[in-house]
Amino acid sequence: MNLGYACINMTLGKKVTMSRTMVRRTFEAKGLDYVSDLALLNAKDMIKILEWNRMNGIMFFRASSAIVPWGDHIDITTLKDYKEIADELRKAGDYAKYWKMRITCHPGPFNVLVSPKENVVLNTIADLELHGKIFDLMGLDRSPYNKINIHCNGVYGDKKIAMDRFIDNFKLLSDSVRSRLTIENDDKASMYSVKDLMYIHNAIKIPIVFDYHHHTFNTGNLSEQEALELAITTWPKGITPVTHYSESKIGNKPQAHSDYIERIPETYGNIVDIMVEAKAKELAILKFI
DNA sequence: CATGGTCAAGTGGCA
DNA sequence: TGCCACTTGACCATG
């Protein structure tokens with residue numbers, strides 16, 4: 001079982017980060033050369049973060065979605081430093097593979113494959129394809145071992161009709177994305193429980209990521225163990241399923257994530273990798289490593 | 001250099 | 001109606 005954290009290393013601070021980006025105004029003012037500069041810095045720092053992880057016994061990490069700022073709006077192969085960026089990404093991927101470190105990603109809430117709006121779906125495809133390209137450049141597996149995980153992110157009054165659009169739109173994705181795509185249960189009762197998501201799994205066979213925290217808001221009438229084990233059945237043989245774990249922040253909406261975690265979740269004897277979503281990032285899991 | 005207002009994008013819940 | 005929460009806060013103008 002691996003414990004992982006997401007995107008940002010608090011110990012290394014703001015000087016070592018793979019999340020440099022820019023606002024639209026700057027993108028329009030400085031253009032592709034500045035995108036290239038930031039992407040190269042981000043790619044180089046990813047290796048530093050992975051090295052830090054290995055030195056500290058952390059073998060599971062979620063890559064930032066902001067490695068190439070505005071990368072879903074441009075052809076990244078035209079960037080002035082593209083060769084060097086690709087080379088750095090490859091080095092990071094090689095490093096991860098050599099040390100058997102698991103890398104995943106989680107594109108943001110603007111990715112809505114169930115949307116009835118064509119432009120939303122097209123934007124979603126562009127963002128997912130960027131993630132696929134980056135993982136390809138890193139040389140990561142085309143399997144859910146290196147998952148690209150999203151939520152459905154919308155219901156529009158009818159889950160089944162919405163999920164049918166997911167299933168249709170899935171066919172528009174490249175093999176790079178389709179082979180890695182996973183779906184996660186939601187933290188609202190009106191949205192998708194693990195049981196709901198089985199409808200998508202049964203149609204297109206992509207695995208379900210079980211989020212412990214979200215499950216408490218939307219059980220689908222399954223116990224934690226039942227939902228976890230149902231999700232586990234959706235993963236291919238030989239690939240350790242991923243789960244997400246977080247705890248509620250006191251004083252906020254209960255869905256908000258706490259800085260640290262008090263415990264490691266119950267796995268009921270199953271082997272899973274656990275991505276811990278806590279605001280203190282690697283600091284939250286170090287004491288459990 | 002610290003800080004606070006602002007920032008691409010979608011959706012649903014809530015005061 | 002406007003804010004919050006989710007992927008992951010980061011950017012940038014100002015003092």
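Here the structure is a predicted model, which means the values were calculated and not measured. Numbered from 1 within each chain, the chains take letters A, B, ... in sequence-line order. In what follows, every heavy atom counts, from backbone to side chain, and hydrogens, waters and symmetry copies are set aside.
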From the options [options], select the nucleotide whose nearest atom is closest to the side chain of [X].
X: A/Lys281; options: C/dT8, C/dC11, B/dG10; value: C/dT8
X: A/His151; options: C/dA10, C/dC6, B/dG12; value: C/dC6
X: A/Lys279; options: B/dT11, C/dC6, C/dA10; value: C/dC6
X: A/His214; options: B/dG12, C/dC11, C/dT7; value: C/dT7
X: A/Val120; options: C/dC6, B/dG10, B/dG12; value: B/dG10
X: A/Val112; options: C/dT8, B/dT11, B/dA8; value: B/dT11
X: A/Trp70; options: B/dA8, B/dT11, C/dT7; value: B/dA8
X: A/Lys188; options: B/dG12, C/dC6, C/dC11; value: B/dG12
X: A/His257; options: C/dA10, C/dA13, C/dT7; value: C/dT7
X: A/Tyr156; options: B/dG12, C/dC6, C/dC11; value: B/dG12

To the nearest Å, how far apart are [X] [atom1] and [N] [atom2]?
X: A/Ile8; N: C/dC11; atom1: CD1; atom2: P; result: 10 Å
X: A/His106; N: C/dC6; atom1: NE2; atom2: P; result: 11 Å
X: A/Met191; N: B/dG13; atom1: CE; atom2: C1'; result: 11 Å
X: A/Tyr192; N: C/dC6; atom1: OH; atom2: P; result: 20 Å
X: A/Lys15; N: C/dC11; atom1: NZ; atom2: P; result: 12 Å
X: A/Tyr5; N: C/dT8; atom1: OH; atom2: C1'; result: 13 Å
X: A/Asn119; N: B/dA8; atom1: CG; atom2: P; result: 17 Å
X: A/Leu130; N: C/dT7; atom1: CG; atom2: C1'; result: 14 Å

**Message:** Determine whether a donor-acceptor pair (one donor, one acceptor, N or O, separation below 3.5 Å) exists between the side chain of A/Ser65 and the base of C/dT8.
**Reply:** yes
Should [N] form a Watson-Crick or G-U wobble pair with both distances under 3.5 Å, which nucleotide is its partner?
N: B/dA8; answer: none
N: B/dT3; answer: C/dA13
N: C/dG2; answer: B/dC14

Over all strands shown, is [X] touching base, sugar-phosphate only, or nothing at heavy-atom distances under 4.0 angstrom?
X: A/Glu28; answer: nothing
X: A/Thr124; answer: nothing
X: A/Asp72; answer: base
X: A/Asn153; answer: sugar-phosphate

**Request:** Give a yes/no verdict on a cation-pi contact between A/Arg54 and A/Tyr98, requiring under 6.0 Å between NZ or CZ and the six-membered ring centre and an angle within 45° of the axis.
**Result:** no
**Request:** Mind listing the closest non-hydrogen atom pair of A/Tyr268 and A/Glu224 along with its distance?
**Result:** OH-OE2, 2.7 Å
Determine the Euclidean distance between corresponding [atom1] atoms of [M] and [N]; express it in Å to zero decimal places.
N: B/dG5; M: C/dC3; atom1: C1'; result: 16 Å
N: C/dT8; M: B/dC7; atom1: C1'; result: 14 Å
N: C/dC6; M: B/dA2; atom1: P; result: 28 Å
N: C/dC4; M: C/dG9; atom1: P; result: 15 Å
N: B/dA8; M: C/dA13; atom1: P; result: 12 Å

Just N and O in the side chain of [X]: are any of them under 4.0 Å from OP1 or OP2 of [N]?
X: A/Arg25; N: C/dA13; result: yes
X: A/Arg62; N: C/dT8; result: yes
X: A/Ser64; N: C/dT7; result: no
X: A/Lys117; N: B/dG10; result: no

**Request:** Say whether A/Ser36 and A/Asp81, considering side chains only, have a donor N or O and an acceptor N or O under 3.5 Å apart.
**Result:** yes
**Request:** Could you tell me whether the side chains of A/Tyr192 and A/Asn218 share a donor-acceptor contact shorter than 3.5 Å?
**Result:** no
**Message:** With the criterion set at under 5.5 Å between ring centres and under 30 degrees between planes, would B/dA9 be stacked on A/Phe110?
**Reply:** yes
**Asked** Taking NZ, NE, NH1 and NH2 as the nitrogens, is one of them in A/Glu226 or A/Lys195 under 4.0 Å from a carboxylate oxygen of the other?
**Response** no
**Prompt:** Thinking salt bridges, do A/Asp45 and A/Lys48 make one under a 4.0 Å N-O criterion?
**Reply:** yes
**Request:** Indicate yes or no for a side-chain donor-acceptor contact from A/Ser258 to the backbone of A/Glu247 under 3.5 Å, with no hydrogens or angles considered.
**Result:** yes
**Test applied, ring pair (Phe, Tyr, Trp, His ring centres under 6.0 Å); reference residue, A/Phe217; option that passes from A/His213, A/His215, A/His214** = A/His213
